[in-house]
Peer 1: 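For reference, the structure I am asking about is given below.
Convention: sequence-line order gives letters A, B, ...; per-chain numbering from 1.
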Amino acid sequence: MLQLQTIRENKESIITALKKRNIDAEPILSAILDLDEKRRSIQTELDGTLAESNKLSKEIGMLFKSGKAQEANQLKEQTADLKEASKQLGEDLNATSAALQEQLYQLPNIPHASVPAGNSDADNEEIFSEGDIPTLIEGALPHWELAKKYDIIDFELGVKVTGAGFPIYKGKGARLQRALISYFLDKNTDAGYTEVQPPHLVNEASGYGTGQLPDKEGQMYHVQTDDLYLIPTAEVPITNLHRGDIVPQENFPIKYTGYTPCFRREAGSYGAHVRGLNRLHQFDKVELVRIEHPSTSYQALDEMVEHVKDILRELKLPYRVLRLCGGDLGFTSALTFDFEVFSTAQDRWLEISSVSNFETFQANRLKLRFKDENGKSQLAHTLNGSSLALPRVLAGILENYQTETGIKIPEVLVPYCGFDMID
RNA sequence: GGAGAAAUGGCAGAGUGGUCGAAUGCGGCAGUCUUGAAAACUGUUGAGGGUCACACCUCCGGGGGUUCGAAUCCCUCUUUCUCCGCCA
């Protein structure tokens, strides 16, 4: 959520910046500014009424104390009008504030200056790539065939137990998945991230805090009996650990990593994109979350990008890094780098990580602040990134590491797996 | 799930209808003293709205109510603690 003060002072530049997202923000910004002005004028009037009423109440109190009940009762009569007026103004104020809030929730984050304009993923900008795309064996298979051949992931069984998009990992498949989780967490804690195990369900306030609500309501599983949401990513519970906090500046940087399953309804997905592990309703992910001073958040973003590169380098997977264009940029993000692994057998790139700086967008909703040098409260910056999303890493490994005799395990994972071949 | 108790500033903890945004202690910050530090002493120290700056307004777990006036009384929800039950 953008700050009102920012909107008041920079309306034109926000309109220009949001054009990168292909949004004409003029109408909504004008509506916001009108509501803001209306809200403040009602507030001023209400404050004045309350001030007068407070003053009278004090006088009445003093009169009663000094035994002048008659005069006090006369004053009492004057308060009725004030009471009525403040009640009405209070209702107006609530209605106006709610309308204003609703508009503010609909406004996406301002893209960073480096974000290219564009409509879709075709306009994303490749900024880095590394790793050789392997030449595969004759008759190389996509991962869903490999999963069946070696009996390590059972998609049909998942359909029986739950439904499509909930695979069952078995034997060495399950072990490899567990190995990847441990390996990622170790890499992250070695880099100074504190490991946390957050809840897998969150309340509504947390959903609003990180921006999934109200924007992506339909993408989350909602447990209506208890009004809780299954997390679509660990970003939600972990970032919300600091909702409402005023953190001492010396605590920066705050760095967390956590493993959780992620639940996504994926309404509207179809076709080859949902084949095999490509898109699931439940998948595992190890996440990075950082809370930073505004002056260092882009440095932190670079660090996260380098960190994820390092992991992919160790796994020896061919990958590329993309700078997302305005049209593909997430609602809450100012700047996002996507990591994609090349899935050789499918001959396509699979997104396995997304690293973003939200600047103050989430912090404003979270009321996550710090004290600056002058003792003033200021919004912090929040960032997050995946390191990494498990199913697509798994798909990448299965497809790129297949040999005639089985699937080789990347060297760095062998100690975690306890075997070096799936055969 | 049942019964009872509680929820106040960073923490501890007063306050049970009026001048209370809230005593006191601890902690934090600034200063005096000191070569320096500690101790002692003095001052200061919640958040938000609003204003050029003041004024002023709101907030004592959330919401609603009674009253001229609510941290204080009433209703309701949530959470925590104690006891009982159930349970991985």
Peer 1: State, without any angle test, whether A:Thr382 and A:Gln362 hold a side-chain donor-acceptor pair at a distance under 3.5 Å.
Peer 2: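 Result is yes, a qualifying pair exists.
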
Peer 1: For residues 86-109 of chain A, pull every pair meeting ring-ring contact (aromatic ring centres under 6.0 Å, His included), keeping only residues two or more places apart or in separate chains.
Peer 2: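 Those involving residues 86-109 of chain A are A:Tyr105-A:Tyr208.
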
Peer 1: Does anything in residues 81-102 of chain A come within less than 4.0 Å of RNA chain B? Heavy atoms only, and list the residues if so.
Peer 2: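 Close to the strand are A:Lys83.
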
Peer 1: Does A:Arg39 have any salt bridge (charged side-chain N to carboxylate O under 4.0 Å, His left out) partners at least two apart in sequence or in another chain, and if so, which?
Peer 2: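 In terms of salt bridge (charged side-chain N to carboxylate O under 4.0 Å, His left out), with neighbours along the sequence ignored, A:Arg39 is linked to A:Asp36.
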
Peer 1: Rounding to an integer number of angstrom, what distance separates B:C60 and B:G15 when you compare their C1' atoms?
Peer 2: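 Those two atoms are separated by 11 Å.
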
Peer 1: Looking at RNA chain B, which of residues 30-48 of chain A put a heavy atom within less than 4.0 Å of it?
Peer 2: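 Within this stretch, A:Arg39, A:Arg40, A:Gln43, A:Asp47 sit under 4.0 Å of the strand.
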
Peer 1: Please figure out whether A:Lys58 or A:Ala51 has its closest RNA chain B nucleotide nearer the 5' end.
Peer 2: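 Upstream on the strand: A:Lys58.
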
Peer 1: Quick one: side-chain contact (heavy atoms from CB on, under 4.5 Å) partners of A:Glu26, sequence neighbours excluded?
Peer 2: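 For A:Glu26, the residues satisfying side-chain contact (heavy atoms from CB on, under 4.5 Å) (neighbours in sequence not counted) are A:Lys11, A:Ile15, A:Asp24, A:Ser30.
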
Peer 1: Indicate the atoms forming the closest heavy-atom contact of A:Ile352 with A:Val393, along with that distance.
Peer 2: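 In terms of heavy atoms, the two residues are closest at CG2-N, 4.0 Å.
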
Peer 1: Classify the ring geometry between A:Tyr221 and A:Phe263 as parallel (under 30°), tilted (30 to 60°) or perpendicular (over 60°).
Peer 2: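 Judged by the thresholds at 30° and 60°, the geometry between A:Tyr221 and A:Phe263 is perpendicular.
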
Peer 1: Give a yes-or-no answer on whether the side chains of A:Tyr183 and A:Glu314 include a donor-acceptor pair shorter than 3.5 Å.
Peer 2: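 There is such a pair (donor and acceptor under 3.5 Å, judged by atom type) between the side chains of A:Tyr183 and A:Glu314.
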
Peer 1: Taking atom C1' in both B:U66 and B:A70, compute the distance separating them and give it to the nearest angstrom.
Peer 2: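 B:U66 and B:A70 have their C1' atoms separated by 10 Å.
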
Peer 1: Indicate every side-chain donor-acceptor pair of residues 297-309 of chain A with a distance under 3.5 Å to a residue at least two apart or in another chain.
Peer 2:
unit_1	atom_1	unit_2	atom_2	d
A:Ser297	OG	A:Asn357	ND2	3.0
A:Ser297	OG	A:His381	ND1	2.8
A:Tyr298	OH	A:Glu359	OE2	2.4
A:Glu303	OE1	A:Arg290	NH1	3.0
A:Glu303	OE1	A:Arg290	NH2	3.2
A:Glu306	OE2	A:Lys309	NZ	3.1
A:His307	NE2	A:Asn188	OD1	2.6

Peer 1: Sticking with atom P, work out how far B:C86 lies from B:G48, rounded to a whole angstrom.
Peer 2: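 Rounded to whole Å, the distance is 50 Å.
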
Peer 1: Assign A:Thr79 to base, sugar-phosphate, or nothing according to its heavy-atom contacts below 4.0 angstrom with the strands shown.
Peer 2: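 The residue A:Thr79 makes sugar-phosphate contact but no base contact.
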
Peer 1: Sticking with atom C1', work out how far B:G49 lies from B:A38, rounded to a whole angstrom.
Peer 2: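 43 Å, rounded to whole Å.
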
Peer 1: Just to be sure I follow the notation: if a pair is Watson-Crick (purine N1 to pyrimidine N3 plus N6-O4 or O6-N4) or a G-U wobble (N1-O2 and O6-N3), each under 3.5 Å, what dot-bracket string does RNA chain B give, with | for pairs to another strand?
Peer 2: ((((((((.[[[..)..(.....]]]((((((.......))))))((((......)))).[[[[[..)....]]]]])))))))....

Peer 1: Listed by chain and number, what are the side-chain contact (heavy atoms from CB on, under 4.5 Å) partners of A:Pro248, not counting sequence neighbours?
Peer 2: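 Result, side-chain contact (heavy atoms from CB on, under 4.5 Å) vs A:Pro248: A:Glu250, A:Asn251.
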
Peer 1: Provide the distance between the two P atoms, one in B:U42 and one in B:C33, to the nearest whole Å.
Peer 2: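 My reading of the P atoms in B:U42 and B:C33 gives 16 Å.
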
Peer 1: Is there side-chain contact between A:Gln5 and A:Glu9, with at least one heavy-atom pair below 4.5 Å?
Peer 2: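 Sidechains of A:Glu9 and A:Gln5: in contact.
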
Peer 1: Applying side-chain contact (heavy atoms from CB on, under 4.5 Å), name anything that partners A:Asp151, two or more places apart in sequence or on another chain.
Peer 2: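 Here the qualifying residues are A:Lys170.
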
Peer 1: Just jot down the side-chain contact (heavy atoms from CB on, under 4.5 Å) partners of A:Thr162, sequence neighbours excluded, or say none.
Peer 2: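 Partners of A:Thr162 by the side-chain contact (heavy atoms from CB on, under 4.5 Å) criterion, ordered by chain and then number, come out as A:Phe166.
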
Peer 1: So what does A:Asn73 touch, heavy atoms closer than 4.0 Å: a base, only the sugar-phosphate, or nothing?
Peer 2: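 A:Asn73: no heavy atom of the nucleic acid under 4.0 Å.
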
Peer 1: Students should find this one: the first and last nucleotides of RNA chain B, 5' to 3', lying under 4.0 Å from a heavy atom of chain A. What are they?
Peer 2: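 Footprint of chain A along RNA chain B, 5' to 3': B:G18 to B:G69.
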
Peer 1: Under 4.0 Å between any heavy atoms, over every strand shown, what does A:Ser377 touch: base, sugar-phosphate, or nothing? Just pick one.
Peer 2: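 It contacts sugar-phosphate atoms only.
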
Peer 1: Map A:Ile60 and A:Lys55 onto RNA chain B by nearest heavy atom, then report which one ends up closer to the 5' terminus.
Peer 2: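 The residue whose closest nucleotide sits nearer the 5' end is A:Lys55.
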
Peer 1: Less than 3.5 Å apart, which donor and acceptor atoms pair up between the side chains of residues 109-118 of chain A and the rest of the protein, not counting sequence neighbours?
Peer 2:
unit_1	atom_1	unit_2	atom_2	d
A:Asn109	ND2	A:Thr332	O	2.9
A:Asn109	ND2	A:Phe358	O	3.1
A:His112	ND1	A:Ser114	N	3.1
A:His112	ND1	A:Ser114	OG	2.9
A:Ser114	OG	A:Arg323	NH1	2.9

Peer 1: Counting the atoms with a prime plus P, OP1 and OP2 as sugar-phosphate, which does A:Leu50 contact under 4.0 Å by heavy atoms, base, sugar-phosphate, or nothing?
Peer 2: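 Sugar-phosphate contact only - A:Leu50 comes under 4.0 Å of backbone atoms but never of a base.
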
